[in-house]
Amino acid sequence: MSRRTSRPRPQRGSAHAHRPACPCGRAETYEECCGRFHRGEAAAPTAEALMRSRYAAFVRLDEAYLLRTWHPRTRPVRVDFDPGTRWTGLEILGAADGSAFHTTGTVTFRASYRGGSLHERSRFERVDGAWVYVDGDFLG
């Protein structure tokens, strides 16, 4: 009797082997997606891309990136990570402006963590051509 599976199993070394997706929710690997922003190889081209990369930075506890992408007038001295928080997913609920043609933008999102979620509308601005996080409003 033969076994049926819903998809073929990847062979070791196969081009189809599973590659983990970026923590931001995109299908690309972290290195191809948010990792290039975190390493400083590229700048997030939109407010949404910056939002996603900042979420991934929270997942990876990348304080330097978070501070670098925070507006100078609202930037804290340091990021206080909660060691008990385990981020489990990001859902973008909406975005307004924030493209290459704008100087401001907003992104509404829900970031889930083990035991709950954070629902926020974040504001972004361009400073010296780069998108930065300004602040946000927590939503119900």
Working for side chain to side chain donor-acceptor pair (under 3.5 Å), residues Thr46 and Glu48:
CA-CA 5 Å; Thr46 65; Glu48 181 181 332; 5.9 Å; no

Determine, using the 4.5 Å side-chain heavy-atom cutoff (strictly less than), whether Val134 and Met51 are members of one ILVMFWY cluster.
no

How many angstroms lie between atom CD of Glu32 and atom SG of Cys22, to the nearest 0.5 angstrom?
10.0 Å

Quick check: do Leu66 and Phe81 have side-chain heavy atoms less than 4.5 Å from each other?
yes

Mind checking whether His119 and Thr108 have side chains closer than 4.5 Å, heavy atoms only?
yes

Checking Arg121 against Leu139 for the side chain to side chain contact (heavy atoms under 4.5 Å, CB included) test, could you report, in this order, the C-alpha distance in whole Å, the side-chain angles of both residues, the deciding distance, and whether it holds?
CA-CA 7 Å; Arg121 181 174 301 112; Leu139 305 172; 3.8 Å; yes

Can you check whether Arg78 reaches Asp80 side chain to side chain, under 4.5 Å on heavy atoms?
yes

CG of Leu50 to SG of Cys24: how many Å apart, nearest 0.5 Å?
11.5 Å

Please check if any side-chain donor atom of Ser99 sits under 3.5 Å from a side-chain acceptor atom of His102, or the reverse.
yes

Run the numbers on Trp70 and Tyr133 for ring pair (Phe, Tyr, Trp, His ring centres under 6.0 Å), then give the verdict.
CA-CA 5 Å; Trp70 213 308; Tyr133 170 78; 5.4 Å; yes

How far apart are the C-alpha atoms of Leu93 and Phe109, what are their side-chain angles, what is the distance that settles it, and do they pass the side chain to side chain contact (heavy atoms under 4.5 Å, CB included) test?
CA-CA 5 Å; Leu93 303 172; Phe109 67 93; 5.5 Å; no

For His38, run the ring pair (Phe, Tyr, Trp, His ring centres under 6.0 Å) check against Tyr65, Phe58, Tyr55 and tell me which one passes.
Tyr65

Measuring only between side-chain heavy atoms, which start at C-beta, is Arg52 closer than 4.5 Å to Arg26?
yes

Compute both the distance and the angle, then confirm whether Arg60 meets the cation-pi test with Tyr30: under 6.0 Å from the six-membered ring centre, within 45 degrees of the axis.
yes

Co-members of the apolar cluster containing Val132 [side chain, <4.5 Å]:
Val127

Donor-acceptor contact below 3.5 Å, side chain Glu120 vs main chain Phe138:
no

Steps toward side chain to side chain contact (heavy atoms under 4.5 Å, CB included) verdict (Arg36, Glu31)
CA-CA 6 Å; Arg36 61 197 173 103; Glu31 289 76 19; over 6 Å; no

Out of curiosity, Thr103 OG1 to Arg126 CZ, how far, rounded to the nearest 0.5 Å?
8.0 Å

Interatomic distance, Glu91 atom CD to Arg110 atom CZ [nearest 0.5 angstrom]:
5.5 Å

Might you point out which heavy atoms bring Arg75 and Leu67 nearest each other, and give the distance in Å?
NE-O, 2.9 Å

Here the pair of heavy atoms bringing Asp97 nearest to Thr104 is CB-O, 3.2 Å

Is Arg123 atom CZ crowded by more than 12 heavy atoms from other residues, nucleotides or ligands, each under 6.0 Å away?
yes

Is the distance between the ring centroids of Phe124 and Trp131 under 6.0 Å?
no

